[in-house]
Amino acid sequence: MADSEFYQNVYDLVRQIPEGRVCNYGLIARYLGSGRSSRLVGWAMNASHGEPKPVPAHRVVNRMGMLSGKAHFQTPTLMQELLEKEGIVVVDDQVQNFESVLWNPFQELSV
DNA sequence: CTCTTGACTGGTT
DNA sequence: GAACCAGCCAAGA
């Protein structure tokens, strides 16, 4: 259940992602301690729907910068719209300049 | 209790 | 360079 701090850590970390930036599951998973538990991040995001606080899951994409979780949003186009609204260029469900908008918790939070 | 699926990644073939 | 296999944790059937 959401008792695990892992979920809260994921939500908190995702909420710390600034606008115009995106993060990938593996990076979040690695920051939390498990580099290959990226599936848990995805599952945590799936549970984020019932969270009282809004989670900017649209800023979370897979390692290739693809909007893998867009289908889990209210609308399949909401994710792209939100990203483009924040200044992120999305083409064919892929984030352009992915490395430029990629947000690294290690670099940003560990400075 | 066992098996399958899932918003994933990395390494090997 | 693309495709397949293996690993990780959790929840639903």
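This one's a predicted model, so the numbers in the text were calculated from it and none came from an experiment.
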| message | Measuring only the P atom in each nucleotide, how far is dA6(C) from dT4(B)? A whole number of Å is fine. | response | 15 Å
Please give, in whole Å, the distance from [N] [atom2] to [X] [atom1]?
X: I28(A); N: dA7(B); atom1: CD1; atom2: P; value: 15 Å
X: L32(A); N: dT9(B); atom1: CG; atom2: P; value: 14 Å
X: Y25(A); N: dA7(B); atom1: OH; atom2: P; value: 9 Å

Name the closest nucleotide to the [X] side chain, picking from [options].
X: H49(A); options: dC8(C), dA10(C), dA7(B); value: dA7(B)
X: L40(A); options: dG10(B), dA7(B), dA10(C); value: dA10(C)
X: M45(A); options: dC8(C), dA7(B), dA10(C); value: dA7(B)
X: S38(A); options: dA7(B), dT9(B), dA10(C); value: dT9(B)

| task | Tell me which residues in residues 56-90 of chain A put a heavy atom below 4.0 Å from DNA chain B, sorted by number, or none. | result | A57(A), N62(A), R63(A), S68(A), G69(A), H72(A), F73(A)
| Sequence neighbours excluded, every pair satisfying side chain to side chain donor-acceptor pair (under 3.5 Å) that has a member inside residues 12-23 of chain A | D12(A)-Q16(A)
| Given V41(A), V55(A), N9(A), the one that forms side-chain contact (heavy atoms from CB on, under 4.5 Å) with V14(A) | V55(A)
| task | Using distance alone, with no hydrogens and no angle criterion, decide if Q80(A) and H58(A) have a side-chain donor and acceptor under 3.5 Å apart. | result | no
